[in-house]
**Q** 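One structure follows; several queries about it will come next.
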Amino acid sequence: MRFLPAGDLAVSIELGEEISVQVNTRVRALEYLIEHKALPGVVETVPTYRSLLVYYDPSVVGYEALCAQLATLSEQTTTTAMPPAREVELPCCYGGELGLDLEAAARRLELSMDELVRLHAGAEYLVYFIGFTPGLPYMTGAPERLTIPRLDTPRVKVPAGSVAIGGIQCCVYSVDSPGGFWLLGRTPVRLYDPEAAEPILLKPGDRVRFRRIERGEFDDIASRVAAGRFSPVIR
Amino acid sequence: MIRVLEPGPQTTVQDVGRTGQMRYGIPPSGPVDRSSFVLANRLVGNLDGAAALEFTLMGPRLRAETPCTLAVSGADAPVTINDAPAPTWTTLALEAGDVMKIGAARAGVRGYIAVAGGIDVAPVLGSRATYLRGRMGGVHGRALARDDRLPLGHARTARPRTVPEAARPRWGGETVLRVVLGPQADRFTNEGVVTFLDSAYEVLPQSDRMGARLNGPRIAHAGGHDIISDGIALGAVQVPGDGQPIVLLVDRQSTGGYTKIATVCSFDIARVGQAKPGQRLRFTAVDVAAAHRLLRESDAALAAVELQEIA
């Protein structure tokens, strides 16, 4: 465990050296404990793969005292019982103009397009954290067979809702943005909606599954989303 | 009510910013120059964090639809009311129909226009601050446009006052910024850290509320410029593969995978945001304890500003 100062208002706590479910679970457990115990002086927290950035108010708590408290809490992370994870189902239409790289990715992975979709939609994904753009989940969970290097040339603009893979990761682009992952399909669900009462759909720790849908259902859900009459299944 | 006649290149509604949303990828936003923003609010009798306007390089032209009280602070820009020069850093009273115009900044980049009662747009996630890339907050998540009408909150009575000359910031010239080294200073060669601390870096025109892009002597990494993505604090000095630093500001991405050699202290962020393209910045390292001492001094100095009543 390392404490790294990030200016006068934040400290980064690294709980491991690698991207793993185990390390990330400790990161989220530490965040949960901080919130649960309402640690004085903590303003907000940002979990990532293996570290937690803690913003604090130095007029309430000093750097050394805060690090000491965080060290104590981090010892409890392995035994911390966290609230049960939510399961979120995202409908996804694979291939065609909504999944421009499906064919190329299948070729690269030496799978048929149908096998690739079956493997991708058959897996459960853990949301490690949200970042890069509002509401974008960093996830893993795909079978090893789907590990693929990132695109040689990132796209300048990837449409919001694109479901994509790169390395061992899977992500859903939350707004139109540049991106270097292979686009397999698209969900009509909005992961970020600035007009909504709750603009962000996914939270760190959520479990995500993709339900394969055809173009007709995609268009139907998309129009219901636009009219504010669609809620994804969350258990 | 205020009507926007000309918005200027980028004028947004900002309050003190959002808290607790960075874990969802939403930055705090808010004013880049917090002290100037706070002083403008105090001049019109608002609470420090009330929603005001932030303009960039050039101010807007506004018409008061109802009588209102305003103050302009931050970047040094000429102000006129019905074409007659008016002072900055001072409470100004407008009658219905009066037109206020703010010209091009002579020094500094970001100016603030506070209005008594605050700009009363709907809060989103607890804040009225505009986050342009996320199309969130302010006026429909965008910069002001011609013919926008800005509703005002309930104003408290404010005696006309001015910020004493000595308490007004001066922008321009070579600026030295206090930084705390890290979180990834160990991912640079010793020579790289020395280069960073001993050189002047010029502000590039591509800078915005997300980050100030700088250009100067290349900062050398030790063993690659990528890390496992982690959180990005206010003022983080990110150094991508090209060795050129980027100081991340209020609309920054919440996480990222580039090494961060140092973090500019919160009390020097305004001086980054007020540096014009071409202006030179230097960095000097302080430890966390010294940074906290300087922060207390900076907060105390702002609290001690005594606004002078105007006869």
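Each chain gets a letter, A, B and so on, in the order its sequence line appears, and its residues count up from 1.
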**Q** Answer with side chain, backbone, both or neither: which region of B:R133 has an atom nearer than 4.5 Å to a non-hydrogen atom of chain A?
**A** neither
**Q** Determine the option with the most heavy-atom pairs under 4.5 angstrom with chain B, choosing from A:L53, A:L52, A:I200, A:D8.
**A**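 Of the candidates given, the most pairs with chain B belong to A:D8.
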**Q** Can we say A:R209 and A:E87 salt-bridge, meaning some charged N sits less than 4.0 Å from an Asp/Glu carboxylate O?
**A**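 Looking at A:E87 together with A:R209, the answer is no, because their closest N to O distance does not fall below 4.0 Å.
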**Q** Measure distances from B:L125 to the heavy atoms of chain A and classify the residue's part below 4.5 Å as side chain, backbone, both or neither.
**A** side chain
**Q** What parts of residues 29-47 of chain A touch chain B if we use heavy atoms and a cut-off under 4.5 Å?
**A**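 Checking residues 29-47 of chain A against chain B gives A:E31, A:V43, A:E44, A:T45, A:V46, A:P47.
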**Q** Taking every non-hydrogen pair under 4.5 Å, which of A:F132, A:Y55, A:F3, A:F129 racks up the most with chain B?
**A** A:Y55
**Q** Does B:Q244 form a side-chain contact (heavy atoms from CB on, under 4.5 Å) with B:V239? I'd like the steps, not just the answer.
**A** CA-CA 6 Å; B:Q244 300 299 321; B:V239 185; over 6 Å; no
**Q** Check this for me: does any side-chain nitrogen of one of A:D101 and A:R155 sit under 4.0 Å from a carboxylate oxygen of the other?
**A** yes
**Q** Does anything in residues 57-65 of chain A get under 4.5 Å of chain B by heavy atoms, and if so which residues?
**A**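 At a heavy-atom separation under 4.5 Å, chain B is reached by A:P58, A:Y63.
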**Q** Describe, in one word, how the ring planes of A:Y56 and B:H292 are oriented to each other, choosing from parallel (under 30°), tilted (30 to 60°) and perpendicular (over 60°).
**A**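 A:Y56 and B:H292: perpendicular rings.
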**Q** At what distance, to the nearest 0.5 angstrom, does SG of A:C92 lie from CZ of A:R186?
**A** 10.0 Å
**Q** What do you reckon, is CD of A:Q22 surrounded by more than 12 foreign heavy atoms closer than 6.0 Å?
**A**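 Incorrect, the count does not exceed 12.
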**Q** Output the option from B:C265, B:G182, B:G256, B:A236 having the highest count of non-hydrogen pairs under 4.5 Å with chain A.
**A** B:C265
**Q** Go through the atoms of B:R293 and report whether side chain, backbone, both or neither lie under 4.5 Å from a heavy atom of chain A.
**A** neither
**Q** Closer than 4.0 angstrom, basic N to acidic O: yes or no for B:D48 and B:R42?
**A**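 Here B:D48 pairs with B:R42 in a salt bridge, since their nearest N and O are under 4.0 Å apart.
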**Q** Pick from B:G141, B:S229, B:S254, B:A291: which one has the most heavy-atom pairs with chain A under 4.5 Å?
**A** B:S229
**Q** What's the spacing between A:L201 CG and A:L191 CG if we round to 0.5 Å?
**A**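 Taking CG in A:L201 and CG in A:L191, the distance rounds to 5.0 Å.
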**Q** Would you call B:R271-B:D33 a salt bridge at under 4.0 Å N-O?
**A**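 Result for this pair is no, no salt bridge flagged.
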**Q** Do the ring planes of A:Y125 and A:H120 sit parallel (below 30°), tilted (30 to 60°) or perpendicular (above 60°)?
**A** tilted
**Q** Under 4.5 Å from any heavy atom of chain A, what part of B:D299 do you find: side chain, backbone, both or neither?
**A** neither
**Q** May I ask you to decide whether B:D148 forms a salt bridge with B:R142, counting only side-chain N to carboxylate O separations under 4.0 Å?
**A** yes
**Q** If you measure only the distance, is there a donor-acceptor pair under 3.5 Å linking the side chains of B:H221 and B:T189?
**A**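 No donor-acceptor contact under 3.5 Å links the two side chains.
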**Q** Shorter than 4.5 Å, heavy atoms on both sides: which option in B:R178, B:R135, B:R296 has the most such pairs with chain A?
**A** B:R135
**Q** Less than 4.5 Å to any heavy atom of chain B: does that hold for the side chain of A:A6, its backbone, both, or neither?
**A**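 When you check distances to chain B, atoms from both the backbone and side chain of A:A6 fall under 4.5 Å.
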**Q** Roughly how far, to the nearest 0.5 Å, is CZ of A:R207 from CZ of A:R86?
**A** 13.0 Å
**Q** Can you tell me which portion of B:L295 sits under 4.5 Å from chain A's heavy atoms? Options are side chain, backbone, both or neither.
**A** side chain
**Q** Taking every non-hydrogen pair under 4.5 Å, which of A:G131, A:S12, A:A10 racks up the most with chain B?
**A**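 Of A:G131, A:S12, A:A10, A:G131 has the most heavy-atom pairs under 4.5 Å with chain B.
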**Q** Would you call B:D15 and B:R128 a salt bridge, taking side-chain N to carboxylate O under 4.0 Å as the test?
**A** no
**Q** Answer with yes or no whether the side chains of A:S20 and A:E18 bring together a donor and an acceptor at under 3.5 Å.
**A**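 Distance-only check passes for A:E18 and A:S20.
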